[in-house]
Amino acid sequence: MRSDEAKKGLERSANRSLLYATGVTKSDMKKPFVGVCSSFTDLIPGHIGMRRLEQFIREGVIEGGGMPFVFCIPGICDGIAMGHTGMHYSLPSRELIADMVQSITEAHRLDGLVLLTNCDKITPGMLMAAARLDIPTVVVTAGPMHSGIYRGRKLSMVRDTFEAVGKVQAGTMTEAEAEQLECEACPGEGACQGLYTANTMACLTETMGLSLPGCATALAGSARKTRIAKDSGKRVMELIRKNETARKFMSKEAFENAIRMDMALGGSTNTTLHIPAIAHAADVDITLDDFDRLSRSTPNITKLRPSGEHMMEDFDYAGGIPASLHILKDKIHNTPTVSGHSTHDIADAVQWIDYDVIRKTDNAYYPEGGIAVLKGSLAPEGAVVKQSAVEKKLLQFRGKAKVYECEEDAIKALFDKKIKEMDVIIIRNEGPKGGPGMRESLALTSAIAGVGLGGSVALVTDGRFSGGTKNLSIGHVSPESFDCGPIGLVKDGDEIEIDLPNRKLNLLVDDAEIEKRKAAWKKPAPKFTTGWLSRYTSLVESAAKGAVLKNGV
């Protein structure tokens, strides 16, 4: 066992003494040491129920013959961090989380891991660590939140509170109504109720085979979730005995399954950052081109919020990921999972599906997947859009650019009524380096919808969006403005061509003018010159490469 390096032999007497101080017995010392890595915190609704899940995982590990050790890593709630300096730290925290999980596991020579996670950057950060460590690992996602209810109407935090800001500004909602919504939209523990980034990553983790069947959608606080947690603790012991390590389940085919599921469900555009980053940690080559290739041959079979009206609870009751695997079986690679059953085994075991929520492929909402990758003179390395959330009339769009150097300037212009129909809102200096950290623009996209312009303007940025994005919102434009990407050369009034069916994003300015602007361009000063974000700015790669750090850092 790996843990023998820290606990076996005369020369490890001092090590054992410290372990005994934690309550380990002599018989425990002979067992595999299993880390239960929890992201519990009182700060995030998706994580406040984890203390209970930790105990059930521990029980499962003990029943399976192991010795569990709980250790914690911090997490950031994007919804709370949004709209101020805090959002700069969200995406960079993914790298810190991966480093911390790797550091604790290696330092204590743990034999296996159960990763207890839920929210946006925490799940991919933990998965990156699992790929680097390549030891037996099971992932438990803590589950979606129940929908809120207000006057008989289902609520989700992302749509009903963020869009309320724009509605109040537009005069279509009172401040008293908005206050009532904010009190009712989040009824308790769990990840935000739609197919936003947290729940998308949970679904893709299960699809890859790193969680037990049903884990992604089993609701937070449910008895079913606690049973899955306990079974995950037992299951990691089986993986340890068989020496089945994380990379067995993190093959190229498994990543393709995850991407295909993402396309079928219409998940968050943030997966185009996270899946390549996790694959990079596993030494598997996944690029933006893989997303577009698989999207073209994958029908969109669900309409969960923000794209539609169904919530995660509806998806769970309809059959969740196993039902979706059943429907997509002929497109899904038959890969192993930590459950001991292959993806095709899981698909074949499904006995009931609610086809009103999860449609058959011959009745799909859209013939292609939820995400499209656009390229052209404005985005030579690529940009992403959640096409499943775009109105048909906006699939091809031409408009005049209105350029803003940050999200706050664009929001002010919107509320000052300076943005009109057929405008293409350009927001730059929000990329991995220029942001830094690609702050989410959910406040802006929600405000656009709230003031009634969602069906008549386009938004293009080198930053990113929440999984709650809808309408014609194009992000991750690469190269970013900070690296003299074409988005940094756009001027007010330039014509922009957007063509989703043909995957085009073009700046319609002649080459001579572009070269003239490029010659006059000056690199912006970094926004942070000390601390972690200063280091991050100097190390981070482009969004097209998953915003990983350079040279394997």
Side-chain angles (χ1 to χ4, degrees), residues 36-42 44-61 63 70 75 77 114-120 122-123 126 138-149 154-158 184-207 210-236 265 302 304-305 310-325 337-339 341 346 349-354 357-358:
V36 180
C37 177
S38 171
S39 52
F40 166 78
T41 172
D42 287 328
I44 307 177
H47 299 239
I48 57 175
M50 287 185 175
R51 290 275 97 124
R52 184 163 178 263
L53 294 177
E54 290 166 14
Q55 290 307 115
F56 277 87
I57 294 168
R58 282 171 55 91
E59 288 179 18
V61 171
E63 284 189 21
V70 175
C77 176
V114 180
L115 302 174
L116 178 56
T117 176
N118 217 19
C119 287
D120 295 21
I122 304 163
T123 300
M126 286 191 175
V138 178
V139 180
V140 179
T141 47
M145 184 188 295
H146 284 269
S147 60
I149 296 289
K154 282 186 175 183
L155 304 179
S156 67
M157 185 281 292
V158 173
E184 302 297 336
C186 296
E189 67 181 87
C192 300
Q193 302 103 322
L195 196 64
Y196 312 122
T197 305
N199 288 320
T200 299
M201 286 306 304
C203 289
L204 304 196
T205 301
E206 183 180 329
T207 301
L210 290 162
S211 293
L212 297 184
C215 183
T217 58
L219 294 169
S222 67
R224 181 160 161 250
K225 179 63 74 177
T226 56
R227 289 193 296 271
I228 289 171
K230 187 171 183 178
D231 287 343
S232 296
K234 291 180 183 177
R235 191 62 203 163
V236 77
L265 300 183
T302 69
L304 307 178
R305 284 202 179 191
H310 290 133
M311 305 284 194
M312 284 303 295
E313 62 202 59
D314 302 313
F315 183 48
D316 182 51
Y317 302 148
I321 294 302
S324 303
L325 289 171
T337 77
V338 294
S339 71
H341 304 289
I346 294 167
V350 172
Q351 297 181 350
W352 182 84
I353 300 171
D354 183 347
V357 178
I358 309 173

Query raised in the report: Hey, does the side chain of D120 reach the backbone of T197 with a donor-acceptor pair shorter than 3.5 angstrom?
Result: no

Just so I know, are the side chains of P45 and C186 near enough to count as touching, which here means a heavy-atom distance under 4.5 Å?
no

In this structure, SG of C203 is separated from CE of M312 (nearest 0.5 Å) by 4.0 Å

request  = Give a yes or no answer on whether the side chain of T302 reaches the backbone of V357 with a donor-acceptor pair at less than 3.5 Å.
outcome  = no

* Taking E313 for its side chain and L219 for its backbone only, find out whether a donor-acceptor pair lies under 3.5 Å. => no

When every non-hydrogen atom of I228 is compared with those of L212, the smallest separation belongs to O-CD1, 4.0 Å

(request) For E206 and G214, indicate whether the former's side chain and the latter's backbone hold a donor-acceptor pair under 3.5 Å. (result) yes

Do any N or O atoms from the side chain of N199 and from the backbone of C192 form a donor-acceptor pair under 3.5 angstrom?
yes

With the side chain counted from C-beta on, respond yes when F40 and V70 share a heavy-atom pair under 4.5 Å apart, and no when they do not.
no

Q. Can you check whether M145's main-chain N or O pairs, donor with acceptor, with Q193's side chain at less than 3.5 Å?
A. no

* Decide side-chain contact (heavy atoms from CB on, under 4.5 Å) for V139 and T117; before the verdict, give the C-alpha distance in whole Å, the side-chain angles of both, and the deciding distance to 0.1 Å. => CA-CA 8 Å; V139 180; T117 176; 3.8 Å; yes

* To do: Tell me yes or no: between the side chains of H47 and T41, is some donor less than 3.5 Å from an acceptor?
  => no

>> Quick one, K230 and I57 - any side-chain contact, counting heavy atoms below 4.5 Å?
In response: no

Checklist entry - Can you find a pair of side-chain heavy atoms, one from M126 and one from T205, that are under 4.5 Å apart? => result no

Flag side-chain contact, heavy atom, 4.5 Å: V140 against L115 | no

Between C119 and G46, the two heavy atoms sitting closest are SG-CA, 4.2 Å

Side-chain contact, heavy-atom cut-off 4.5 Å: F56 with R227? no

Notebook entry, point to check: So, do M311 and L155 sit near enough that their side-chain heavy atoms are less than 4.5 Å apart?
Noted result: no

Fill in: Expected output: side-chain K234 to main-chain E59 donor-acceptor under 3.5 Å
no

*Main-chain N/O of A218 paired to K225 side chain as donor or acceptor, under 3.5 Å*: yes

Just by modelled atom types, is the D316 backbone N or O under 3.5 Å from a matching donor or acceptor in the T217 side chain?
-> no

Of all heavy-atom pairs linking I353 and A323, the shortest is CG1-CB, 3.6 Å

Would you say that V61 contacts V236 through its side chain, given a criterion of any heavy-atom pair below 4.5 Å between the two side chains? yes

Test side chain to side chain donor-acceptor pair (under 3.5 Å), reference E54, set R58, R51, R52, output is R51

